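Treat the numbers as computed from the prediction; the structure is a model and nothing was measured. Numbered from 1 within each chain, the chains take letters A, B, ... in sequence-line order.
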Protein chains: 2
Amino acid sequence: MGLASGQLRRLGELIMPAHRVPRGGYVFRAGGDTNTLAVVRRGTLKSAVLDEQGREQVVGFHLTGELLGLDGIAAGKYCRDVVALEDSEVCRIPYPELQKLSNDIPAVANYIQTTMSREISRAYGVMLLLGSMRAEMRLAFFLLDLSRRVLARGYSPTRLSLPMTRKEIGGYLGLKLESVSRLFSTFQRDGLIEVRGKAVNLVELGRLQEIVQDAHPQLGKLLENGDASVLNAQCAALNLA
Amino acid sequence: MGLASGQLRRLGELIMPAHRVPRGGYVFRAGGDTNTLAVVRRGTLKSAVLDEQGREQVVGFHLTGELLGLDGIAAGKYCRDVVALEDSEVCRIPYPELQKLSNDIPAVANYIQTTMSREISRAYGVMLLLGSMRAEMRLAFFLLDLSRRVLARGYSPTRLSLPMTRKEIGGYLGLKLESVSRLFSTFQRDGLIEVRGKAVNLVELGRLQEIVQDAHPQLGKLLENGDASVLNAQCAALNLA
DNA sequence: CGACAAATTGAGACCAATCAAAGGGCGTGG
DNA sequence: CCACGCCCTTTGATTGGTCTCAATTTGTCG
């Protein structure tokens with residue numbers, strides 16, 4: 001079911017102009033009040049929970065088109081930081097007004113529900129990753145997941161440019177940065193990938209898939225839910241909801 | 001905002017009579033079509049992703065009052081099994097009709113959104129647990145989390161009766177059953193708890209909290225989001241939404 | 001009581017963390 | 001433009017925590 005033009009206009013008015021977020025800049029802070037969602041227009045960001053000792057758990061990386069901030073709806077507070085990994089742009093969406101709008105327009109409410117449901121599925125996949133996969137499987141998973149998401153945006157699925165550091169990858173995969181670095185070297189030695197700093201070339205996608213599949217045939221399905229929140233910034237996607 | 005009596009009646013008609021689920025019985029199966037949600041009336045259940053080698057990742061345990069099945073809304077398929085750990089009762093709720101109802105009644109839509117949002121926050125907390133905590137912290141977290149949830153239902157927060165096996169606890173915490181067993185023994189030796197099979201007495205709640213807090217002061221906040229889906233089976237809670 | 005699953009405990013292996021050092025990349029300022 | 005400093009990355013040596021394999025005990029249900 002689509003949206004009437006009047007509804008689309010109301011939705012359009014909600015979307016604030018894109019604004020720049022410099023590398024290292026915050027979109028949300030843990031503990032901050034939830035007054036907006038945000039859509040990534042350009043760039044890459046991470047969601048992370050940080051503690052005083054400087055350790056962080058990265059709960060997700062966000063590419064262009066993804067919708068951020070749904071975790072905070074219940075508590076009224078965000079439960080984690082969202083930080084730009086490179087110079088990025090986001091559109092903010094005032095949450096209370098979106099809430100009102102979703103009460104009037106079922107398609108909007110349905111879209112939000114669907115997006116949140118996908119994020120739950122994705123989170124379960126990551127729990128599986130962290131709870132029962134060994135380091136090499138985790139990194140293979142990470143590379144394939146990124147490959148698929150980059151492909152969905154029309155870029156090469158094999159020539160990746162990683163905007164995040166080894167430490168951040170480790171923070172996502174539950175590994176230390178040295179372990180991540182060693183695994184990159186091992187994969188390169190075995191001819192699976194070519195590494196030159198942040199530039200990674202996936203030479204043997206099939207063998208990377210084997211590494212993951214051997215461990216968890218189910219994971220492939222969960223992966224497909226991964227790219228939760230692809231929302232066209234003009235909200236054209238809502239026509240499909 | 002509450003519900004008009006006509007709305008409550010419509011909602012009541014949606015809730016199917018509670019039916020028994022024997023120990024080991026399924027409420028949902030991974031890959032099954034999403035046609036219902038379910039509310040736990042009595043008993044305890046687990047959500048788990050299983051692979052052919054017999055390994056499983058438990059993504060959550062569910063106590064009385066919790067709402068199950070929201071993960072499947074997006075994909076149209078559930079992404080994991082839900083199995084009763086002891087003889088239980090659940091009420092099923094046909095999802096398509098609930099969807100229609102939520103389009104008419106904003107309070108219902110808001111409740112679903114809030115519940116899903118809490119589940120996302122909880123999942124992030126578990127990711128933190130699995131990604132950056134050591135075994136003893138994980139088990140302390142598990143015991144405290146269960147203690148809090150049991151307390152919320154009016155039972156003693158210190159005298160726990162664990163319906164799940166050591167293997168299932170390990171499946172949740174990313175540990176092998178032997179490790180879980182060893183940790184129970186260690187905690188008992190140190191006077192933190194008393195273990196007699198499935199019956200566990202939490203002697204030193206404070207010291208258990210220290211074990212978790214030392215590692216991640218943030219986790220306490222995430223814990224509070226944990227008890228996502230407490231939905232009174234008569235849906236009285238919706239009056240608060 | 002018997003059969004089977006669950007739990008405990010031990011010994012040893014292995015994987016990732018830790019500690020440590022050196023090399024690279026990038027931006028800033030001279 | 002180069003030099004410096006800082007962070008990121010790589011690699012090595014060692015430690016340590018958890019898994020694995022194995023045997024035994026305990027508990028549960030027919």
Side-chain angles (χ1 to χ4, degrees), chain A residues 22-24 46 53-58 83 85-87 129-142 160-190 193-200 211 214-215, chain B residues 22-24 46 53-58 83 85-87 129-142 160-190 193-200 211 214-215:
Chain A
R23 185 166 172 274
K46 68 174 174 183
Q53 284 91 38
R55 284 175 296 207
E56 72 173 14
Q57 175 66 33
V58 175
V83 181
L85 299 175
E86 56 189 337
D87 291 348
L129 175 94
L130 294 171
S132 61
M133 293 175 73
R134 292 201 280 110
E136 59 176 11
M137 305 172 191
R138 298 187 199 187
L139 188 63
F141 172 98
F142 168 77
L160 304 181
S161 173
L162 308 177
M164 66 290 284
T165 66
R166 304 288 190 260
K167 185 176 179 184
E168 285 161 341
I169 295 172
Y172 181 57
L173 299 177
L175 301 170
K176 295 296 166 188
L177 68 94
E178 297 95 328
S179 297
V180 173
S181 180
R182 265 183 253 274
L183 285 164
F184 272 118
S185 299
T186 306
F187 281 3
Q188 178 163 240
R189 178 174 51 71
D190 296 346
I193 63 176
E194 289 167 0
V195 184
R196 216 172 46 255
K198 306 251 185 211
V200 175
I211 291 177
D214 281 353
Chain B
R23 186 164 172 277
K46 68 174 175 184
Q53 284 89 38
R55 282 174 298 206
E56 72 173 15
Q57 175 67 33
V58 176
V83 182
L85 298 175
E86 56 189 335
D87 292 348
L129 176 94
L130 294 171
S132 61
M133 292 174 74
R134 291 199 281 111
E136 58 176 11
M137 305 173 192
R138 298 186 200 187
L139 188 63
F141 172 98
F142 168 77
L160 304 181
S161 173
L162 307 178
M164 65 290 284
T165 66
R166 303 287 190 261
K167 185 176 180 184
E168 286 161 339
I169 296 172
Y172 181 57
L173 299 178
L175 301 170
K176 295 296 166 187
L177 68 93
E178 297 95 329
S179 297
V180 174
S181 179
R182 265 184 253 274
L183 286 164
F184 272 119
S185 300
T186 305
F187 280 3
Q188 178 163 239
R189 179 175 51 71
D190 295 346
I193 63 177
E194 290 166 1
V195 184
R196 217 172 46 254
K198 305 251 186 211
V200 175
I211 291 177
D214 282 353

Expressed in angstrom and rounded to an integer, what is the separation of Leu130(B) atom CG from dG17(D) atom C1'?
16 Å
Between the two end axes of the helix from dC1(C)-dG30(D) to dG30(C)-dC1(D), each built from 5 base pairs, what angle do you get to the nearest 10°?
50°
Taking atom C1' of dA17(C) as reference, at what distance in whole Å does atom NZ of Lys167(A) sit?
15 Å
Remember a base hit wins even if backbone is also touched, and classify Leu175(B) as base, sugar-phosphate or nothing at under 4.0 Å, heavy atoms.
sugar-phosphate
Between CD on residue Glu136(A) and OG on residue Ser179(A), distance to nearest 0.5 Å:
12.5 Å
Do the non-hydrogen side-chain atoms of Leu183(A) and Leu175(A) ever get within less than 4.5 Å of each other?
yes
Given side-chain contact (heavy atoms from CB on, under 4.5 Å), test Ile169(A) with Leu139(A) step by step and report yes or no.
CA-CA 9 Å; Ile169(A) 295 172; Leu139(A) 188 63; 4.1 Å; yes
Can you list everything that forms a ring-ring contact (aromatic ring centres under 6.0 Å, His included) with Phe187(A)? Sequence neighbours excluded, please.
none
Are any of Ser185(B)'s side-chain N or O atoms less than 4.0 Å away from OP1 or OP2 of dT9(C)?
yes
Any donor-acceptor pair under 3.5 Å from Gln57(A) side chain to Gly171(A) backbone
yes
Check the distance between dA17(C)'s C1' and Arg166(A)'s CZ and give it to me in whole angstrom.
18 Å
Atom CD of Glu168(B) to atom C1' of dA6(C): distance rounded to whole Å?
11 Å
With sugar-phosphate meaning primed atoms plus P, OP1 and OP2, does Ser181(A) contact a base, only sugar-phosphate, or nothing at under 4.0 Å between heavy atoms?
base
For a 4.5 angstrom cut-off between non-hydrogen side-chain atoms, does Lys198(B) reach Thr165(B)?
yes
May I ask you to say what Gly174(A) touches in the nucleic acid, namely base, sugar-phosphate or nothing, with a heavy-atom cut-off under 4.0 Å?
sugar-phosphate
Protein-nucleotide distance (Met137(A), atom CE; dC15(C), atom C1'), rounded to Å:
12 Å
Rounded to whole Å, please give me the gap between CZ in Phe184(A) and C1' in dT10(D).
12 Å
For Leu177(A) and dT11(D), give me the distance from atom CG to atom P, rounded to whole Å.
13 Å
Quick one: what's the B/S/- string for nucleotides 20-30 of chain D, heavy-atom cutoff under 4.0 Å, read 5' to 3'?
BB---------
Value for CG (Leu177(B)) from CZ (Arg166(B)), rounded to nearest 0.5 Å, stands at 10.0 Å
Judged by nearest nucleotide, the residue sitting upstream toward the 5' end of DNA chain C, Met164(B) or Glu136(A), is Met164(B)
Quick check: do Lys46(A) and Glu168(A) have side-chain heavy atoms less than 4.5 Å from each other?
yes
Separation of dA7(C) atom P from Leu183(B) atom CG, nearest Å, is 14 Å
Quick one, Leu162(A) and Phe184(A) - any side-chain contact, counting heavy atoms below 4.5 Å?
yes
